[in-house]
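Input: a single structure, listed below in structure tokens.
These values consider heavy atoms only, across backbone and side chains, with no hydrogens, waters or symmetry-generated copies. Counting convention: from 1, in listed order, for ligands and their atoms alike.
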Amino acid sequence: MSRIAVYPGSFDPLTRGHLDIIQRASKLFDQVVVAVSNNATKKHVFSVSERLEIVEEATRPLPNVDVDTISGLLVDYLKTKKSKILIRGLRVVSDMDYEFQLASFNRRLYKDVETVFLMPDDQYTYLASSMVREIARLGAGTEQFVTPFVARKLKLKFSAKK
Ligand code: ADP
């Protein structure tokens, strides 16, 4: 049976840290689905279709990685994908509080689910989409934190707003 893992997140935008996690997961599982969340209560810089396009562009070289959007309950999505594996990234100890709560909650909702935590390379442990958005908004280049495609999109997004 092939092992399908789902990596959910906002990816607003995808960073090199997210990509590092996706690459690691793609080596561990037969198929990885990056599930871009479409949460109406969160205010995003990029629309869900823009975030989807960004993840698709970045993961094109990885044949066993698919991209999808998700708007309902994560555990329902896992069931439709016939997956029991959730991937999450852990950067620093402070991530743990939230991530453990989320993992426990998901296990309450679907007892067979296993959340697999992956650590990125050291160079990405400080990196967060929120920081990238903030510096882009203030006019700084983001090339070292995101792919060239995302850096261009951020530039366009924030120069259009000035
Ligand atoms: P969410 O809103 O679901 O937290 P994010 O896009 O912020 O969505 O993050 C998705 C997942 O990727 C989370 O598990 C988060 O901890 C992880 N993540 C975010 N940035 C990094 C990074 N630089 N390195 C490793 N994992 C990361």
Side-chain angles (χ1 to χ4, degrees), residues 4-29 31-59 62 64-78 81 83-110 113-137 140-151 153-154 157:
I4 304 169
V6 174
Y7 179 32
S10 316
F11 307 108
D12 188 32
L14 181 88
T15 67
R16 290 184 189 270
H18 291 128
L19 205 50
D20 179 284
I21 297 294
I22 295 169
Q23 283 160 348
R24 286 171 200 280
S26 75
K27 290 182 198 150
L28 293 172
F29 300 100
Q31 198 195 345
V32 176
V33 181
V34 182
V36 179
S37 63
N38 188 11
N39 184 343
T41 62
K42 270 195 183 177
K43 211 175 162 323
H44 294 112
V45 164
F46 289 102
S47 68
V48 71
S49 57
E50 286 173 314
R51 286 179 281 135
L52 194 79
E53 182 194 17
I54 284 170
V55 182
E56 271 169 355
E57 193 273 341
T59 58
L62 301 169
N64 64 337
V65 175
D66 290 333
V67 189
D68 200 358
T69 57
I70 170 176
S71 52
L73 213 51
L74 189 51
V75 292
D76 289 341
Y77 182 78
L78 284 175
K81 285 280 154 189
S83 167
K84 293 175 179 167
I85 307 160
L86 270 179
I87 304 287
R88 294 290 286 178
L90 273 187
R91 288 163 290 191
V92 283
V93 176
S94 54
D95 274 347
M96 280 198 195
D97 240 14
Y98 174 69
E99 293 294 340
F100 274 46
Q101 190 180 11
L102 190 66
S104 305
F105 232 103
N106 283 326
R107 193 180 263 169
R108 286 285 164 123
L109 295 173
Y110 179 23
V113 75
E114 290 298 347
T115 303
V116 177
F117 296 103
L118 297 177
M119 268 170 58
D121 190 273
D122 289 352
Q123 61 179 316
Y124 303 126
T125 50
Y126 68 91
L127 185 52
S129 297
S130 56
M131 293 279 188
V132 172
R133 291 195 300 270
E134 201 45 41
I135 64 157
R137 199 189 307 275
T142 55
E143 289 75 7
Q144 55 177 315
F145 311 117
V146 296
T147 62
F149 184 70
V150 181
K153 289 227 160 224
L154 279 165
K157 180 80 60 183

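- Between D20 and the options Q23, R24, H18, R16, a side chain to side chain donor-acceptor pair (under 3.5 Å) holds for only R24.
- Here the heavy atom of the protein found nearest to atom 1 (P) of ligand 1 is S10 OG, 3.6 Å.
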- Query: Run the side chain to side chain contact (heavy atoms under 4.5 Å, CB included) check on E53 and K153 step by step: do they pass?
  - Reply: CA-CA 11 Å; E53 182 194 17; K153 289 227 160 224; 2.9 Å; yes
Could you tabulate the donor-acceptor pairs under 3.5 Å formed by side-chain atoms of residues 142-150, not counting sequence neighbours?
| from | atom 1 | to | atom 2 | distance (Å) |
| --- | --- | --- | --- | --- |
| T147 | OG1 | V150 | N | 3.3 |

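- Here Y126 has no heavy atoms under 4.0 Å from ligand 1, in either its backbone or its side chain.
- Considering backbone and side-chain N/O atoms, P120 never comes within less than 3.5 Å of an N/O atom of ligand 1.
- When only interatomic distances are considered, the shortest N/O to N/O separation between G89 and ligand 1 falls below 3.5 Å.
- In this structure, atom 20 (N) of ligand 1 lies nearest to the protein heavy atom R91 NH1, 3.3 Å.
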- Task: Kindly determine whether I22 and L14 satisfy side chain to side chain contact (heavy atoms under 4.5 Å, CB included), including the steps that lead there.
- Result: CA-CA 11 Å; I22 295 169; L14 181 88; 4.0 Å; yes
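- Checked by atom type and distance alone, the side chain of D66 never pairs as donor or acceptor with a backbone atom of V33 at under 3.5 Å.
- Here's the thing with H18: one of its N/O atoms is less than 3.5 angstrom from an N/O atom of ligand 1.
- Shown in contact with L127 at under 4.0 Å from a heavy atom are these atoms of ligand 1, numbered in order with element: 20 (N), 21 (C), 22 (C), 23 (N).
- When only interatomic distances are considered, the shortest N/O to N/O separation between Y124 and ligand 1 falls below 3.5 Å.
- The number of heavy atoms from other shown groups lying within 6.0 Å of CZ (R107) does not exceed 12.
- Those atoms of ligand 1 with a heavy atom of I21 less than 4.0 angstrom away are 25 (C), 26 (N).
- Scanning the protein heavy atoms around atom 6 (O) of ligand 1, the nearest turns out to be F11 N, 2.9 Å.
- At a heavy-atom distance under 4.0 Å, only side-chain atoms of E99, from C-beta outward, approach ligand 1.
- Between Y7 and ligand 1, a contact under 3.5 Å exists for at least one N or O pair.
- Side-chain atoms of N64 come within 3.5 Å of backbone atoms of S26 as a donor-acceptor pair (strictly under, hydrogens ignored).
- The atoms of ligand 1 that sit less than 4.0 Å from any heavy atom of K42 are 2 (O).
- At a heavy-atom cutoff of 4.0 Å, ligand 1 is contacted by both the backbone and the side chain of R88.
- Remark: R133 pairs with no residue by the side chain to side chain donor-acceptor pair (under 3.5 Å) rule, at least two apart or across chains.
- Applying the 6.0 Å contact sphere to OH of Y126 captures more than 12 heavy atoms from other residues, nucleotides or ligands.
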